[in-house]
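What follows is one structure encoded as structure tokens, with my remarks underneath.
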Amino acid sequence: MTNNNETSPLLPRESAMERYSPLYDETKTVPEEQGALFDTTDILRDVIIGFSDGLTVPFALTAGLSSLGSSKIVIMGGLAELFSGMISMGLGAYLAAVTERDHYSSQEERERCQVDKMPEAQRAEVFAILEKYSVSHAAAQPLVDELCRNRAQWARFMVDFSLRLERPNIHRAWISGVTMGLSYLIGGLIPMIPYFVMPHVGQAFMVSIGVTAVILLIFGYVKNYVAIRNHRAGLWGAIQTLIIGVLAAGTSYIIIKTLDS
């Protein structure tokens with residue numbers, strides 16, 4: 001468990017009410033059997049991962065291929081990587097979400113079995129959970145009695161508070177796959193645009209570097225600022241993203257140039 005005294009140079013001190021709470025999270029879900037229609041936090045995460053990889057990987061590849069001096073090779077190689085990467089990222093996100101959903105379902109079913117086989121032990125665990133929140137045994141008694149009347153909600157309570165798992169959205173898998181795949185595609189097209197519109201690969205390479213560097217800085221700042229709401233964190237995110245992009249592109253360029261010579 002995280003120590004309350006921990007601090008970060010990028011993060012403001014977090015109040016206790018802002019920490020994880022399954023009860024608070026559930027107020028945002030409708031209906032219960034399906035979960036929320038969408039979760040902006042998960043979508044933002046998929047956009048960040050897909051777009052940042054899309055910016056970095058195709059940019060590094062096209063930068064390396066540009067050392068061969070042929071726009072055709074850059075475009076063909078870049079498009080091949082772009083579409084294969086889009087499919088790979090989207091499918092990976094889809095499978096990860098499906099695995100998360102299946103894991104939650106299996107844990108919920110396991111808790112139902114334990115409720116049936118060991119009801120007294122499970123009731124005692126509910127009291128122990130509430131005791132962590134300074135709820136006395138006498139005050140918790142009517143709450144526990146009411147909760148334990150419904151087997152499904154009792155098992156769900158144990159999954160939420162004992163295992164600390166969040167109920168996944170049943171639509172989450174395909175939303176995650178599409179979001180991450182399209183984000184990768186959009187991000188990867190940006191560094192390739194100069195090669196489509198400029199006849200000389202050297203000039204297109206320099207323009208691609210400038211455009212991608214600007215986008216990396218903007219994207220790095222925005223993703224950190226939206227997630228953390230801190231300008232210092234935004235600046236740090238911009239620097240990090242730019243450094244990663246430069247290292248990836250530089251390494252690719254040097255390797256291909258060395259092999260070609």
Side-chain angles (χ1 to χ4, degrees), residues 1-8 11-49 90-180 227-228:
M1 183 174 292
T2 305
N3 191 316
N4 291 336
N5 294 327
E6 286 184 352
T7 60
S8 165
L11 297 173
R13 183 175 294 275
E14 185 180 26
S15 64
M17 292 301 293
E18 294 173 329
R19 295 190 181 276
Y20 167 81
S21 170
L23 285 178
Y24 173 74
D25 184 70
E26 286 303 317
T27 63
K28 301 183 293 182
T29 62
V30 288
E32 288 186 356
E33 64 272 13
Q34 293 187 358
L37 295 179
F38 61 91
D39 188 326
T40 55
T41 302
D42 289 336
I43 292 177
L44 177 62
R45 180 193 63 193
D46 291 336
V47 170
I48 289 174
I49 295 174
L91 184 59
Y94 174 84
L95 293 176
V98 168
T99 301
E100 180 183 0
R101 183 183 65 196
D102 292 344
H103 175 64
Y104 183 94
S105 298
S106 67
Q107 292 302 309
E108 191 173 35
E109 183 59 33
R110 185 177 69 87
E111 289 294 336
R112 284 177 183 156
C113 293
Q114 290 185 346
V115 164
D116 291 335
K117 294 178 181 178
M118 302 179 294
E120 293 305 318
Q122 293 296 94
R123 284 176 65 91
E125 190 170 350
V126 174
F127 279 112
I129 291 172
L130 294 175
E131 187 178 354
K132 295 178 181 178
Y133 296 89
S134 300
V135 180
S136 67
H137 191 282
Q141 185 68 55
L143 173 62
V144 175
D145 291 340
E146 182 67 26
L147 177 66
C148 295
R149 288 193 181 98
N150 188 315
R151 172 177 172 268
Q153 294 302 322
W154 186 1
R156 185 177 177 185
F157 177 90
M158 299 305 296
V159 174
D160 287 342
F161 285 90
S162 180
L163 302 180
R164 303 190 71 80
L165 297 177
E166 294 185 23
R167 176 183 289 271
N169 181 353
I170 62 172
H171 305 294
R172 172 69 189 142
W174 69 265
I175 292 176
S176 180
V178 171
T179 302
M180 191 171 294
I228 303 176

Partner residues of [X] under the side-chain hydrogen bond (donor to acceptor under 3.5 Å, both in side chains) criterion, sequence neighbours left out:
X    : answer
S105 : none
T179 : none
Q122 : E111
N150 : none

What orientation do F161 and Y133 show, parallel under 30°, tilted 30 to 60°, or perpendicular over 60°?
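If you compare the ring of F161 with that of Y133, the planes turn out perpendicular.
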
Locate the shortest heavy-atom distance separating [X] from [Y]; write the atom from each residue and the value.
X    : Y    : result
A97  : A173 : CB-CA, 3.4 Å
A93  : S176 : CB-OG, 3.4 Å
L165 : D160 : O-OD1, 3.2 Å
L147 : Q153 : CD1-O, 3.9 Å

Once side chain to side chain contact (heavy atoms under 4.5 Å, CB included) is applied, do any residues pair with [X], and if so which ones, sequence neighbours excluded?
X    : result
I48  : L44, F219, K223
A121 : M118
V178 : W174, L182
R112 : E108, E109, R151, A152, A155

How many angstroms lie between [atom1] in [X] and [atom2] in [Y], if you round to the nearest 0.5 Å?
X    : Y    : atom1 : atom2 : value
Y94  : T99  : OH    : OG1   : 10.0 Å
L91  : M180 : CG    : CE    : 11.5 Å
S162 : I129 : OG    : CD1   : 5.0 Å

Contacts of type salt bridge (charged side-chain N to carboxylate O under 4.0 Å, His left out), residue D102, not counting sequence neighbours:
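Per chain and number, D102 pairs via salt bridge (charged side-chain N to carboxylate O under 4.0 Å, His left out) with no residue.
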
Intermediate values then yes/no, side chain to side chain contact (heavy atoms under 4.5 Å, CB included), L163 and M158
CA-CA 7 Å; L163 302 180; M158 299 305 296; over 6 Å; no

Considering only residues two or more places apart or on different chains, which pairs with a residue in residues 128-150 satisfy salt bridge (Lys or Arg N to Asp or Glu O under 4.0 Å)?
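Applying salt bridge (Lys or Arg N to Asp or Glu O under 4.0 Å) to every pair that reaches into residues 128-150, excluding sequence neighbours, yields R123-D145, E146-R149.
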
